[in-house]
Amino acid sequence: MTVTALTTADDVPAPVSVTMTKALNQALRDSLSEDEDVLVFGEDVGRLGGVFRVTEGLRKEFGPDRVWDSPLAESGIVGTAIGMAMAGMRPVVEMQFDAYAYPAFEQIVSHVAKMRNRTKGHVSLPLTIRIPYAGDIGGVEHHSDSSEAYWTSTPGLTVLTPSNPADAYSLLRESIASEDPVIFMEPKSRYWMKDELSLPVQTAPMDRAQVVREGSDATLLAYGPTVRTALSAAEEGAEHGLSIEVVDLRSLSPFDDETVSASVRKTSRAAIVHEAAQFGGYGAEVAARVTEANFTHLSAPILRITGFDVPYPSPKLEEYFLPTAERILDALESWDWEL
Amino acid sequence: MTIDVPTTRRALPQLQPVSFIGADGKTTDVPTDGLTVPSDRTLLGLYQKMVEARRFEAQVTHLTRQGRLATYPSAAGQEAIEVGATTALAPNDWLFPTYRDTAALLTRGVPVTEILSAFRGDWHCGFDPHEYHTSPAATPLATQTLHATGFAMAAKLKGEDACTLTFLGDGASSEGDTHEAFNFASVWQTPTVFVLQNNQYAISTPLREQANATMLADRAAGYGMPGLRVDGNDIAAVFAAVTAALERARNGEGPTLIECLTYRMESHTNSDDPTKYRDAEEVEHWKRFDPIDRLETHLRRAGVLDNDTAEEITASAEELATSVRDAMNTDAEVDPSELFAHVYANPRASLAKQRATLEAELAAAVQS
């Protein structure tokens with residue numbers, strides 16, 4: 001992964017262990033410092049610092065006019081953020097949990113996504129909607145959904161999801177600076193993932209996927225929480241003589257055809273891994289796109305290793321639901337490797 | 001043990017809607033609820049705008065029947081609210097209208113072709129919102145009430161002298177977003193005025209099946225903001241109520257809900273048949289409360305409107321109707337490539353590819 005320090009060599013502090021939560025917190029802090037139009041609000045993001053502590057300390061540092069707790073109403077949060085963005089602000093709002101974003105669905109798909117288009121480009125909505133998503137944290141009902149397909153099938157939205165602290169920082173900074181509205185999906189199970197890092201950093205541009213492990217036999221396409229799962233599968237695969245490349249999509253919409261196609265043409269086999277249910281899911285789009293562009297380079301059908309087509313289960317059933325490294329490797333075995 | 005309770009409590013709005021000029025054109029003896037009656041000079045200006053708006057509605061309805069517009073939701077009968085409330089706004093204030101608020105857009109100075117672009121099918125919003133300080137008309141119900149609240153919050157945070165006014169209907173008052181907007185606006189004390197046009201029907205559903213409340217203005221009390229109920233067919237009352245609410249907003253005293261009682265004289269849009277859900281007697285009853293007729297009677301009685309002025313106003317309304325006809329009887333050119341032009345600020349490769357597909361199809365069509 002390419003990580004560029006934003007400070008000069010002399011200034012660069014020694015890398016320290018940084019969690020994704022801390023990286024996101026620093027991205028918000030730096031954006032608030034640099035641009036007084038940036039606002040942070042949502043449920044419990046002020047005094048508490050967010051249920052995942054992503055906004056910790058920001059209210060104290062920037063005051064309640066820049067960072068505040070809103071009434072508990074997601075449509076209200078997104079709807080008012082639209083008005084603020086129309087007035088020239090750059091709001092960053094939190095949806096607290098994936099399934100809690102659903103009350104805001106109408107505001108997001110009917111207005112956030114379309115305002116620029118409706119007004120022939122006269123009104124931009126530089127608005128970032130942070131949604132902690134996906135499972136594997138033992139959450140109860142409605143706390144573990146992967147809602148990315150709803151957003152990616154809506155023209156006008158940019159949908160990003162980091163898988164590591166450096167990208168979390170860099171992608172969130174870019175989202176806030178973007179003139180286009182961004183659905184910023186934070187993989188909850190990776191909030192506590194640590195990397196040795198000196199912030200601020202700039203990783204690859206937000207519309208680019210990244211090859212996070214090189215390989216020659218097959219490509220695993222993953223994003224957010226499943227990047228780590230895919231990397232584990234690649235490591236295990238290596239023990240069995242399989243050379244697996246892992247691509248972190250980072251940007252779900254737009255989709256980086258170039259990076260993905262280059263990898264698939266190199267390995268000739270691809271599988272997409274996500275937590276969301278399979279039917280009509282994001283993986284179907286990826287499989288279709290990649291096939292259309294690379295059919296003659298493929299030695300095998302593109303596979304989808306995903307959550308099952310059932311509602312997200314209770315904590316004690318999560319381990320049977322979520323795609324694991326073993327499930328990924330088992331799936332790859334279904335290919336005719338002689339071809 | 002006792003629980004401490006606040007010692008102050010907001011009074012509920014008065015039951016009798018505030019009305020300065022009655023259906024007979026005479027001054028009423030309804031309590032004013034603290035509002036000041038506008039001058040006859042102001043009322044004359046409002047009268048002219050209402051006459052023009054009514055003529056506009058008639059012309060557009062006619063053009064819709066001729067197939068020039070895909071659909072049209074007439075605001076006929078509701079001119080007092082749309083003209084009265086919008087006129088009270090300062091240029092720097094922002095209006096957040098809905099699909100039926102064409103009279104408001106007209107009052108705001110939006111050109112007729114730009115008002116009608118959505119119904120004609122050229123583009124969703126035909127005007128630049130920044131130019132007219134007016135948001136695109138919202139079609140999903142009540143969503144715009146939150147935009148108005150957020151915009152006002154931003155103005156408050158920036159210390160700018162801008163209030164927001166948003167229209168919503170009796171049907172929209174059942175939506176969750178209305179509740180959220182009232183609550184957010186009151187908690188944040190935003191300079192927002194909610195003008196609820198209670199026109200008695202949400203498409204075909206009558207108010208009694210929409211809300212089991214004595215009056216919709218009462219809802220304000222539950223959110224900790226003042227509510228007012230005015231005669232929505234008396235432009236003097238509407239203008240006075242909105243002016244007072246805007247003054248409160250500008251003074252940092254927060255939002256106000258104003259319920260305006262009125263009646264939708266036409267169908268919901270030209271696509272529905274109102275005889276299926278309301279009887280002629282009811283429509284005739286409401287005709288007696290027409291906002292234009294009563295103001296005309298009042299102004300003539302007050303000696304502010306004479307035949308010459310009335311003729312001038314009619315001529316100006318006719319001129320507007322002619323400009324609407326001229327504009328709508330011309331087929332507007334649409335540019336197919338604009339399909340892709342305004343989706344993202346940052347161009348996307350996938351859209352460039354789809355745009356090329358369309359351009360190739362168009363080029364082929366020209367050749368054949």
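Letters A, B, ... mirror the listed sequences (proteins, then strands); counts begin at 1.
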Please state whether the side chain, the backbone, both or neither of [X] comes within less than 4.5 Å of a heavy atom of chain B.
{"X": "A/L39", "answer": "side chain"}
{"X": "A/S178", "answer": "side chain"}
{"X": "A/S110", "answer": "side chain"}

With chain A, which of B/Q144, B/E131, B/R348, B/H124 has the greatest number of heavy-atom pairs at distances under 4.5 Å? B/R348

Among B/T143, B/T149, B/N183, the residue with the most heavy-atom pairs under 4.5 Å to chain A is B/T143

Which region of [X], side chain (C-beta onward) or backbone (N, CA, C, O), has a non-hydrogen atom less than 4.5 Å from a non-hydrogen atom of chain A, or is it both or neither?
{"X": "B/F127", "value": "backbone"}
{"X": "B/D177", "value": "side chain"}
{"X": "B/S135", "value": "both"}
{"X": "B/A142", "value": "neither"}

Compare all side-chain heavy atoms of B/R250 with those of B/C163 and state whether any distance is below 4.5 angstrom. yes

Check the pair B/H179 / B/Y223 against side chain to side chain donor-acceptor pair (under 3.5 Å), numbers first and verdict last. CA-CA 9 Å; B/H179 160 75; B/Y223 298 98; 2.6 Å; yes

Exam field: side chain B/N251 to backbone B/E253, donor-acceptor pair closer than 3.5 Å: no

Starting at NE2 of B/H133, measure out to CG of B/D93 and round the result to the nearest 0.5 Å. 9.5 Å

Taken to the nearest 0.5 Å, the spacing of A/M86 CE from A/M115 CE works out to 4.5 Å

Using a strict threshold of under 4.0 Å (side-chain N to carboxylate O), is an ion pair present between A/R208 and A/D256? yes

